[in-house]
Amino acid sequence: MVSIKDVAKKAGVSVGVVSKALNNYPDVGEKTRQRVLETANELEYSPNRVARMLSSKKNSAISLISSGFEENDQKDNNSFELFKGIYFGSQQLNLDFSIYFTDSFKQEEQSYVQFCRERNIGGAILQGIRLDDPFFKEMVDTEVPCVLIDVLMDDPQPCVGSVTIQNREATKALTNYLIEKGHEDIAIMAGTKEAYVNEERLSGVEEALVESGLTFEDRPVFYADFDDGEAYEKAKTFLQTHRPTAFVCFSDLMAYGVMRAAQDLGLSIPEDLSVVGFDDSMIAGMTSPGITTVAQDFFEMGHQAALLLNRIVDGEADETEVYLNYKLLERESVKDLTRQQ
């Protein structure tokens with residue numbers, strides 16, 4: 001089967017230029033457009049018919065492909081809020097909404113395009129995709145319009161969009177908050193190494209520390225896959241021999257795990273250990289004390305993803321990256337060490 005990558009190679013242009021030429025983007029020169037069209041005809045390449053049907057509203061549906069959903073902790077309501085947002089957007093657009101589930105192992109068995117074609121998916125929102133997932137690696141060559149949640153492409157493509165927040169800036173602000181409260185001995189409870197948001201959040205912590213004159217090298221960094229149980233075990237082992245003044249965690253669930261570990265060791269939050277999280281999940285306001293965190297609106301993330309996907313399918317997306325606002329929420333899990341000086 002001829003792919004868009006084959007057309008790009010024979011025509012001597014990038015995959016993005018082929019996609020733009022076939023979709024009549026104005027920033028493609030006429031000679032280039034003609035060369036691409038002639039090459040496509042020569043190779044008998046036919047863009048995804050299902051996507052065209054969705055664009056013409058003959059097949060009116062928005063599909064969510066969620067990866068790793070079964071691994072999500074039930075204490076986390078983020079996915080549910082995202083689903084609600086996508087559903088709300090689909091109702092605004094008078095489109096049906098369907099959900100499909102996959103994981104890294106299933107993606108090895110079937111390509112992204114095959115997955116979509118067998119299910120008659122003409123445009124998809126992808127959630128939970130990791131940087132090492134087969135589906136993510138196919139995004140650069142995809143023929144099926146899609147929107148990635150919390151992932152950005154290094155080489156943006158016209159038919160691939162993203163909805164996220166400025167994760168690097170958010171964790172930088174969170175770390176600066178701890179530093180302003182007098183904390184320098186800060187440990188890090190990170191998520192999954194292969195997650196895009198994990199890379200961005202780790203970079204944000206590093207920037208805050210370095211700009212404040214603190215070192216990042218040799219600082220304790222633990223990877224707990226955004227899971228409270230793993231965070232609990234790693235924090236408990238660490239805290240038995242080390243006593244940082246604070247933990248910056250890349251999710252509220254992991255912050256909850258760190259807090260439980262500290263409390264089981266007889267430590268008080270925040271008197272003996274300060275903890276900050278990320279997301280403003282339901283659990284962040286239910287713990288005692290409440291968790292200081294970065295709030296992001298998952299409902300609006302899903303809503304904007306649905307609207308962006310529709311614009312991409314219709315060829316009306318001037319921008320394919322949407323950044324939402326975030327907010328630092330101060331609760332009771334951080335001690336102000338400057339008051340002791």
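Quick note: numbers below take in every heavy atom, side chains included, and nothing from hydrogens, waters or symmetry partners. Counting begins at 1 with the first residue of the sequence.
- Stacking of Arg201 on the aromatic ring of Phe278 is recorded, both the 6.0 Å distance cut-off and the 45° axial limit being met.
- No side-chain N or O of Asp103 forms a donor-acceptor pair with one of Ser67 less than 3.5 Å apart.
- Under the side chain to side chain contact (heavy atoms under 4.5 Å, CB included) criterion, Glu319 pairs with no residue, sequence neighbours left out.
- Listed by chain and number, the residues in a side chain to side chain contact (heavy atoms under 4.5 Å, CB included) with Ser98 are Ser63, Tyr100 (sequence neighbours excluded).
- One distance of note links CD of Gln91 with CD1 of Ile62; it measures 9.5 Å at 0.5 Å rounding.
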- Message: Working note: Tyr323 + Ile165, criterion side-chain contact (heavy atoms from CB on, under 4.5 Å); need CA distance, chi angles, decisive distance, verdict.
- Response: CA-CA 5 Å; Tyr323 291 93; Ile165 66 169; over 6 Å; no
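- A donor and an acceptor atom, one from each side chain of Asp264 and Tyr232, are located under 3.5 Å apart.
- Not counting sequence neighbours, the partners of Phe238 by the ring-ring contact (aromatic ring centres under 6.0 Å, His included) test are Phe222, His242.
- In this structure, the side chain to side chain donor-acceptor pair (under 3.5 Å) partners of Asp280, at least two apart in sequence or on a different chain, are Arg331.
- A donor-acceptor contact closer than 3.5 angstrom is absent between the side chains of Glu169 and Tyr326.
- In terms of the ring-ring contact (aromatic ring centres under 6.0 Å, His included) criterion, residue partners of Phe135 (sequence neighbours excluded) are, by chain and number, Tyr112, Phe115.
- Formation of a donor-acceptor pair under 3.5 Å by the Ser162 side chain with backbone atoms of Val151 is found in this model.
- Side-chain contact check for Asp218 and Thr215: no donor-acceptor pair (N or O, by modelled atom type) lies under 3.5 Å.
- Rounding to the nearest 0.5 angstrom, the gap separating the OG1 atom in Thr338 from the CD1 atom in Ile179 is 13.0 Å.
- Counting only residues at least two apart or on different chains, the ring pair (Phe, Tyr, Trp, His ring centres under 6.0 Å) pairs with a member in residues 285-311 are Phe88-Phe299, Phe88-His303.
- The CG atom of Leu126 lies 13.0 Å from the CG atom of Asp150; values are rounded to the nearest 0.5 Å.
- Across Val275 and Cys249, no two heavy atoms sit closer than the pair CG1-SG, 4.1 Å.
- Among residues two or more places apart in sequence or in another chain, the side chain to side chain donor-acceptor pair (under 3.5 Å) test is passed with Asp133 by Ser104.
- In this structure, the side chain to side chain donor-acceptor pair (under 3.5 Å) partners of Gln34, at least two apart in sequence or on a different chain, are Glu30.
- Sorted by first then second residue, the salt bridge (charged side-chain N to carboxylate O under 4.0 Å, His left out) pairs that include residues 292-311, not counting sequence neighbours, number zero.
- Applying the salt bridge (charged side-chain N to carboxylate O under 4.0 Å, His left out) test to pairs two or more places apart or on separate chains, those with a residue in residues 79-89 are Glu81-Lys84.
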Donor-acceptor contacts, no H, no angles, side chain residues 182-192, under 3.5 Å, sequence neighbours left out:
residue	atom	partner	partner atom	Å
His183	ND1	Thr245	OG1	2.9
His183	NE2	Ser274	OG	3.4
His183	NE2	Lys335	O	2.8
Thr192	OG1	Asp225	OD1	3.2

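- Side-chain contact check for Val197 versus Phe250: every heavy-atom pair is 4.5 Å or farther apart.
- One distance of note links CG of Leu174 with OG1 of Thr171; it measures 7.5 Å at 0.5 Å rounding.
- Remark: Asn78 CG to Leu253 CG distance equals 7.5 Å, nearest 0.5 Å.
- The side chain to side chain contact (heavy atoms under 4.5 Å, CB included) test applied to Glu207 returns Arg168, Lys172, Glu211, not counting sequence neighbours.
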